[in-house]
Amino acid sequence: MPSSVSSPARTIRIGSRKSQLALVQTHWVQGQLQQYFPDRSFEVHTMSTQGDKILDVALAKIGDKGLFTKELEVGMLQNEIDFAVHSLKDLPTNLPPGLILGCVTERVNPADALVVHAQHCDRQLDTLPAGAVVGTSSLRRLAQLRHHYPHLTFKDIRGNLNTRLQKLDSGEYDALILAVAGLERLGMGDRIHQVISAEVSLHAVGQGALGIECRDGDPEVLELLQALSHQPSTYRCHAERAFLRTLEGGCQVPIGVDTAIAGDQLTLIGMVASLDGQRLIQDRVVGAVTEAEQLGVTLAQQLRQQGAQEILDEIFTEMRPEN
Ligand code: DPM
């Protein structure tokens, strides 16, 4: 072929879960890339993950790493898709060999929200009646809210956002805790009754950002993805992920974070809590944004020295499948 005739650019295949939230996020990524690269074509391939199929078991019990990502990762490694769009908080901190975190998109509000049944429309977390049933399957939310609001009762809940809201509205729960980001992306921001402050509950690592995973050694895709990369969000999320990676042991854990950037300084706050909410260890580090990962490691070591490892070991024992 004469060198002046270039071969047509390949179609880029984007992998996504099938849930409504996943599709909203993936179509946003597709739309952005299409705007940046109008001459290229991008198509979406959907896949079900283990986490989409097992809906009746508490998330923390099956909290295997990669519950919502594994099938997509296999798809990338088998060259069926070129990259996968995830809620960054669902993406394990250690990726399979051959795959990398290609970019982190601009983070939206990472906070959690209280959503209430209509009968509690004039109440907040601190004024819900004693024994009110709050739905969450996040150990992080459970531990921190128990710590601050011991008068509340917590009950596991699974399923997509619509299913959860139906269970709330039918009276099975008095309130739910959900991510602001998910509610807003699905156009259900009007259900947010109270945005929970960082003083009460630190958010999950990566919450509110999208993480795009791709093959290591696919420079073409990696370069396309740089158009969607947001540098401050990337620094923050890399610090948070390094913190979690250094602490975690294999299942979902009550670990929360908060990050902020001022000039070239990054502040990372992190906490580990016991499931009953009685023990809660929190500390912070400040340093250069370019040292984001090291800050996460340092904070994890600080919390360990203050007893975080004992708390986590207890939880890993409790959460073993045979229990
Ligand atoms: C992870 C957790 C939850 C999701 C645990 C946690 C919430 C589970 C629950 C790792 N993934 O947050 O401590 O409360 O039952 C998930 C949501 C989003 C991504 C929904 C939500 C949307 C927000 C985002 C589920 N994953 O947290 O309400 O993109 O950050």
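Note: hydrogens, waters and symmetry copies are ignored here, and every other heavy atom, side chains too, is used. In this chain, residues are counted from 1 in sequence order. Both counts, for ligands and for their atoms, begin at 1 and track the order of listing.
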Legend entry - Heavy-atom donor-acceptor pair, R245 side chain to T93 backbone, under 3.5 Å: yes

Inset, instruction - Report the part of L178 in contact with ligand 1, treating N, CA, C, O as backbone and CB onward as side chain, heavy atoms under 4.0 Å; options are side chain, backbone, both, neither. - result: both

Inset, instruction - Quick one: look at A204 and ligand 1, take heavy-atom pairs under 4.0 Å, and tell me if it's side chain, backbone, both or neither. - result: side chain

Inset, instruction - Just let me know how Q144 lines up against ligand 1, side chain, backbone, both or neither, with a heavy-atom cut-off below 4.0 Å. - result: neither

Legend entry - Under-4.0 Å heavy-atom contact with ligand 1, by part of R141 that carries it: side chain

Legend entry - Residues in side chain to side chain donor-acceptor pair (under 3.5 Å) contact with Q25, at least two apart in sequence or another chain: S87, R185

Inset, instruction - Indicate yes or no for a side-chain donor-acceptor contact from R107 to the backbone of Q207 under 3.5 Å, with no hydrogens or angles considered. - result: yes

Legend entry - Check: F42 main-chain N/O paired with Q30 side-chain donor or acceptor under 3.5 Å: yes

Inset, instruction - Examine distances only and state if a side-chain atom of S137 and a backbone atom of I157 form a donor-acceptor pair shorter than 3.5 Å. - result: yes

Legend entry - Connected hydrophobic set around I100, excluding itself, where side chains approach under 4.5 Å: L222

Legend entry - Numbered atoms and elements of ligand 1 in range of S137, under 4.0 angstrom, heavy atoms: 8 (C), 9 (C), 14 (O), 15 (O)

Legend entry - Close-contact set for ligand 1 against S87 heavy atoms, below 4.0 Å: 19 (C), 29 (O)

Inset, instruction - Please state which part of L21 comes within less than 4.0 Å of ligand 1, counting heavy atoms only: side chain, backbone, both or neither. - result: side chain

Inset, instruction - Classify the contact between R158 and ligand 1 as side chain, backbone, both or neither, using a heavy-atom distance cut-off of under 4.0 Å. - result: neither

Legend entry - Check: A179 N/O within less than 3.5 Å of ligand 1 N/O: yes

Legend entry - T136: numbered ligand 1 atoms lying under 4.0 Å from its heavy atoms: 14 (O)

Inset, instruction - Say whether, by atom type as modelled, one donor and one acceptor occur between the side chain of Q144 and the main chain of E199 under 3.5 angstrom. - result: no

Legend entry - Nitrogen or oxygen of G208 less than 3.5 angstrom from that of ligand 1: yes

